[in-house]
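Counting starts at 1 for both ligands and their atoms, following the listed order. Reckoned from all heavy atoms, side chains included, excluding hydrogens, waters and symmetry mates.
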Amino acid sequence: MEILIIGKTGQLGSLLIKDALAWGHKVFAPSRQELDITNMDDFLDIMKTYKPEIVINTAAFHNVPLCEVEPIKAFHLNCLAVKKMAEISQDYNSWFVSFSTDYVFGGEKRTPYKESDIPNPLQIYGLSKLAGEYAALSYENSIIIRTCGLYGMQGASSKGGNFVDNRIKDSKQNKKIEISNDQTVSPTYSGDLSIAVLQLIAHPSKKKGIYHLVNEGYCTWYEFTKEIFKLTGINREVIPVDRKGKTGDMRRPLFSALKNENARKIGIVLPNWKEGLHDYIEKKYVEGYNENCYR
Ligand SMILES: NC(=O)c1ccc[n+]([C@@H]2O[C@H](COP(=O)([O-])OP(=O)(O)OC[C@H]3O[C@@H](n4cnc5c(N)ncnc54)[C@H](OP(=O)(O)O)[C@@H]3O)[C@@H](O)[C@H]2O)c1
C-alpha cells in the first residue's frame with residue numbers, strides 16, 4: 001500500500017514509518033517544514049502528487065496543560081486540521097486514520113472504557129480531540145484510534161521526553177520521586193501500537209469508526225513507575241501521592257484505561273502493559289536503540 005504518514009519525528013510516527021517500510025509498504029513521510037497540518041495547501045499538494053491509499057495523521061497538540069492556555073491552537077490542530085484532512089482524503093478516495101485519546105472520557109467507570117462508552121472530556125485537550133473525532137467521522141473511510149499513556153523511542157518533543165525515560169532520569173537525581181497513584185491508565189508502547197495500526201489498516205474487515213488500541217490491562221502511574229524501576233534494577237523509593245486527578249485547576253480522569261473491543265473482534269490483540277514495557281526497556285536500555293536500529 002502507499003501510505004502518507006504525518007508526524008515523522010514523533011513517538012508513534014517514527015516507529016510507524018520504520019514498521020510500514022519493513023512490511024513492504026511504500027511510505028511518504030513529509031517533514032513538518034514540508035507539511036504543516038495547519039496549512040491545507042501543503043496537504044492538498046501532497047495528496048495531488050502522491051494520491052496515497054492511506055493517510056495516517058499522528059500530529060497533534062497534546063501537551064495537556066498547554067492546551068488549557070492555548071485552546072484555539074488545540075482546536076485548530078486537533079479538530080479543524082483533522083476535519084480538513086478527512087474531507088480531502090475522502091475526495092481522493094483515501095482512508096484517513098487519526099489518533100485520539102483516553103482523555104475523551106471522564107473517569108467515572110472502574111472498568112476499561114469501550115469504544116461505545118459515552119465520552120465526557122474534562123479539559124480542553126480532551127474536548128478538542130473529541131471534536132476532532134466527530135469531525136473526522138462525518139466523512140467516509142475515517143478511522144479514529146484512541147490510545148493512552150504513549151511512550152516510544154523518540155520521546156514526545158512537546159512533552160519533554162516520555163514518562164519512562166523521565167522516571168529513569170529522575171532516579172539519577174537526588175530528589176524525592178513522588179508519583180500520582182490516583183490516575184489509572186493503560187500505558188502503551190508505541191512499538192506495539194504501530195504494529196496494531198498496520199494490522200488494522202491491512203485488515204479486510206476494517207471499517208469507518210473508532211478503535212481503541214492500547215497495551216492490555218491497567219495500572220496507576222505509581223504502579224507503572226515501580227515496574228520501570230523493577231525492570232531496570234533501580235533501587236529508589238517511589239512515594240505514591242494523591243493529586244485527585246488535578247494539575248492546578250485542570251482536571252484529568254481518575255480512571256481512563258481502555259478496552260480494545262473492536263480490534264479484538266477482528267483478531268488484533270496487543271500485549272499486556274508489563275510486556276510492552278519490558279520490550280521497550282530491553283530495546284532502549286539493554287540493546288541500546290539508536291536512530292539506525294530497525295525499531
Ligand atoms: N503521548 C501520549 O501519551 C498520547 C496519549 C493518548 C493519545 N495520544 C495521541 O497519539 C498521537 C501521537 O502522539 P505522539 O506521542 O506520537 O506525539 P509526538 O511524539 O508529540 O509527535 C507529534 C508529531 O506531530 C508533529 N507535529 C506537531 N505539530 C504539527 C503540525 N502543525 N504540522 C505537522 N506536524 C506537526 C511533531 O513534529 P515536531 O517534532 O516538529 O514537533 C511530531 O512529529 C497524537 O494524536 C496524540 O494526541 C498521545
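In L77, the part holding a heavy atom less than 4.0 Å from any atom of ligand 1 is the side chain. Heavy atoms from both the backbone and the side chain of Q11 come within less than 4.0 Å of ligand 1.
Geometrically, K109 engages Y113 in a cation-pi contact defined by less than 6.0 Å to the ring centre and at most 45° from the axis.
For atom 14 (P) of ligand 1, the choice among R146, H62, H76 with the nearest heavy atom turns out to be H62. Comparing L12, T38, T9 by heavy-atom distance to atom 39 (O) of ligand 1, the nearest is T9.
Side-chain contacts under 4.5 Å among hydrophobic residues (ILVMFWY), followed directly or transitively, place F28 together with L4, I6, L35, I37, M40, F43, L44, I46, M47, Y50, V55, F61, L66, L77, V82, M85, I88, Y92, F96.
Using a 4.0 Å cut-off between charged nitrogen and carboxylate oxygen, E216 and R264 count as a salt-bridge pair. A salt bridge does not link D102 with R146: every distance from a Lys NZ or Arg NE/NH1/NH2 to an Asp or Glu carboxylate oxygen is 4.0 Å or more.
A heavy-atom distance below 4.5 Å is not found between the side chains of R251 and Q123.
Close N/O approach between G13 and ligand 1 is not found [any backbone or side-chain N/O within under 3.5 Å].
Ligand 1 has at least one atom lying under 4.0 Å from a heavy atom of K129. The shortest separation from a heavy atom of S100 to ligand 1 is under 4.0 Å, placing the residue in contact. The closest approach between Y125 and ligand 1 falls below 4.0 Å for a heavy atom of the residue.
Less than 4.0 angstrom separates some heavy atom of G149 from each of these atoms of ligand 1: 3 (O), 5 (C). Close approach of ligand 1 to L35 is summarised as follows: ligand atoms under 4.0 Å from at least one heavy atom of the residue are 32 (N), 33 (C).
Checked by atom type, the side-chain pair S190/Q11 shows no donor-acceptor distance below 3.5 Å.
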Could you go through residues 171-180 and list every donor-acceptor pair under 3.5 Å that involves a side-chain atom there, pairing it with any protein atom two or more places apart or in another chain?
from: S171; atom 1: OG; to: I168; atom 2: O; distance (Å): 2.6
from: K175; atom 1: NZ; to: D170; atom 2: OD1; distance (Å): 3.3
from: S180; atom 1: OG; to: D182; atom 2: OD1; distance (Å): 3.1

